[in-house]
Amino acid sequence: MKEKYYITTAIAYTSSKPHIGNTYEIVLADYLARFKRKQGYDVRLQTGTDEHGEKIQQKAEAAGTTPKEYVDKVASEIKRIWDLMNTDYDKFIRTTDDYHEKQVQEIFERLLAQGDIYKGEYKGWYCTPCESFWTESQLVDGKCPDCGREVKLAKEEAYFFRMSKYADRLMKYYEEHPDFIVPVSRKNEMVNNFLKPGLQDLCISRTSFSWGIPVKSDPRHVVYVWLDALTNYITGLGYDANGNSGELYKKYWPADVHVIGKDIVRFHTIYWPIFLMALGEPLPKQIYGHPWLLQDGGKMSKSKGNVIYADDLVSVFGVDPVRYFLLAQMPFDNDGQVSWEAVCETVNSELANVYGNLVKRTLAMNNKYFGGVVENRGVKEAVDDDLISVVTGTYAKVAAKADAYRVADAAEELMNMFRRANKYIDETAPWALAKDESKKDRLATVLYNLTESIIIGSSMMTCFMPTLAAKVLKECSSDCRDFADLDKFGLLKNGTKTAENPETLFERLDVKEVVAKATAMYEERNAAKAAPAKEEKEESAPAEISIDDFARVQLKVGKVLECRKVKKADKLLCSTIDLGEEKPRTIVSGIAKWYTPEEMVGKSVVVVANLKPVKLRGILSEGMVLCAEDKDGNLKLVAPEAAMAAGSDIR
């Protein structure tokens, strides 16, 4: 019977589309799962979405939809991104799944009945984005210590979990299982910042919002996020709080590793083990709190308008190169950096120059000198021994790094092997051997050694780049080598014929062109946000505003002096508009579908004159031209019914 391996990611919060930093985690877990499968384990990978909470309710209200409709849409987008990145998960759980919600209710009632939960009143500082309560002493400069945002004083009736009851038991568990939390720096933080100062009882229900799982015995309360979210790891296996758990739970629990971000280590290494202790269930074997992927030296921020999403990168580089970058450039315990330039550099320097170059040169020489037929003719020289030693020794190094979650180091070991093979080409100079008929057998042996090296390395590379590595193996007329055989050299059968016209899998990219594409992408996205959005359904009534609110919007009559199309933007026109000021303004509008530049010149338009300027396609737009939109999304300019001087106020 195969040994089981159950690996999970944290479930993604359905507040918005996941950026590339969020996506890193599922790609990392997928790599680990693929590696374990290749090693012969019975692997189960679970991921999913966290869909309840006050923040979701607020987002849905702002969008004019129900919370369930809102999370359905975001969860679908998260799943789309996970699938785009070719992640081979076994279960995608949603915390709005009926079975999960029912079991959370049963878990709550069981813990309530056994005295681990009690009703009280909570008064403290609450951070809505983090959905966390804090005491006065825990705040940093009066703000949330996790995200740095504003907090609000909250007071409400709530149920609490007796964390303090299990604190000593958890500390003992840490001592008896020193590898429970990795890296060790995360464990030290939990011990020094939370356990030693003394655990406070945890608020696990709310009454100030309704979007959550109702407490069965007290429906005014909804279960607070962490008791709901964390239990997904067992409900996704069919755990039953009343003792009737399914076969999957019996087979796969406890988890071998929870792969999570460092910002939620506290919840997974303190709250979650204590919940499990209270339920009498085994604890997960290990929790890996990976570092963050930073952009421009800080956490990604959607407000800046330049957040990198996985599908952005994929549109330029392709799926597998993006997977490789994430895995190869993210350190084990220190934060990594992502940028368009960094991805381009990795693709060029490692995938194109090292791996791709080795494959291309080897297959080209196979075809040129032997019609693509590979054969080991046994003409061996001393230089072969070092190559073979490096190639056959690489798997053990890669496996050791993968087992320790040092995946970037595993990628480096593999790339070093490919570099050694490229060096072997320079050392043996096949082009020189080809000129001497008496050395043809030596030439055949050299090309056999190179092809065998590519097969062994590409077999390991399938966990990083499943599709492209499989293409390389196919071009070498080989299946993925069994991992148990990766320390053996010479398994490629003589007479194997490689591809006649191998594909160039990794093209070198011009970093300036890549950055230009990215810049254009951001500008078009920001322009789309600025343009009137077509509603696919009837809008809910907008919130009322006061006369003072309206007075802050400065509307003026403008006259269009010049107009032109914006390069590489089919939807945009750039107009020069006279507002009766010292000099005319430049305003970019998403109206090219309805008006030509020639039609615009001379028109009187209504302009929002005090709108904050924004760059669209590299052009600073200094206002907004107002349009009316019908139910089909057609636009018409709003204009005064009679001639009015440029700069006239609209009241």
Give a yes or no on whether a salt bridge exists between [X] and [Y], defined as a side-chain N under 4.0 angstrom from a carboxylate O.
X: Asp90; Y: Arg37; result: yes
X: Lys488; Y: Asp485; result: yes
X: Arg186; Y: Glu189; result: no
X: Arg481; Y: Glu452; result: yes
X: Asp72; Y: Arg94; result: yes
X: Asp256; Y: Arg44; result: no
X: Asp240; Y: Lys102; result: no

Quick check on [X]: does its [atom1] atom have over 12 non-hydrogen neighbours (other residues, nucleotides or ligands) under 6.0 Å away?
X: Asp510; atom1: CG; result: yes
X: Lys571; atom1: NZ; result: no
X: Lys567; atom1: NZ; result: no
X: Glu281; atom1: CD; result: yes

Quiz question: by atom type and distance under 3.5 Å, do the side chains of [X] and [Y] form a donor-acceptor pair?
X: Tyr324; Y: Glu350; value: yes
X: His100; Y: Glu51; value: no
X: Tyr309; Y: Thr23; value: no
X: Asp50; Y: Thr14; value: no
X: Lys79; Y: Tyr89; value: yes

Under 3.5 Å donor-acceptor, [X] side chain and [Y] backbone:
X: His177; Y: Asp179; answer: no
X: Asn357; Y: Ala352; answer: no
X: Ser458; Y: Met461; answer: no
X: Ser453; Y: Ala421; answer: no
X: Thr362; Y: Val359; answer: no
X: Arg323; Y: Gly318; answer: no

For this session: Test Trp226 against Tyr271 for ring pair (Phe, Tyr, Trp, His ring centres under 6.0 Å), laying out the working first.
Result: CA-CA 8 Å; Trp226 289 108; Tyr271 301 166; 7.3 Å; no
Exercise. Do Tyr6 and Leu237 have side chains that get closer than 4.5 Å, going by heavy atoms?
Worked result: yes
Problem set entry | Residue list, salt bridge (charged side-chain N to carboxylate O under 4.0 Å, His left out) with Lys251, at least two apart or on another chain | Asp42
For this session: With Lys55 as the cation and Tyr13 as the aromatic partner, state whether NZ or CZ is under 6.0 Å from the six-membered ring centre and within 45° of the axis.
Result: no
For this session: Run through Trp253, Tyr249, Tyr233 and flag the one making a ring-ring contact (aromatic ring centres under 6.0 Å, His included) with Tyr239.
Result: Tyr249
Exercise. Would Asp333 and Ser185 satisfy side chain to side chain donor-acceptor pair (under 3.5 Å), going step by step from the backbone distance to the final call?
Worked result: CA-CA 9 Å; Asp333 51 3; Ser185 58; 5.8 Å; no
Exercise. Which pairs count as side chain to side chain donor-acceptor pair (under 3.5 Å) when at least one residue sits in residues 392-414, sequence neighbours excluded?
Worked result: Lys36-Asp403, Gln39-Tyr395, Gln286-Tyr405, Glu412-Arg419
Exercise. Taking it one step at a time, do Phe332 and His290 satisfy ring pair (Phe, Tyr, Trp, His ring centres under 6.0 Å)?
Worked result: CA-CA 7 Å; Phe332 167 69; His290 65 74; over 10 Å; no
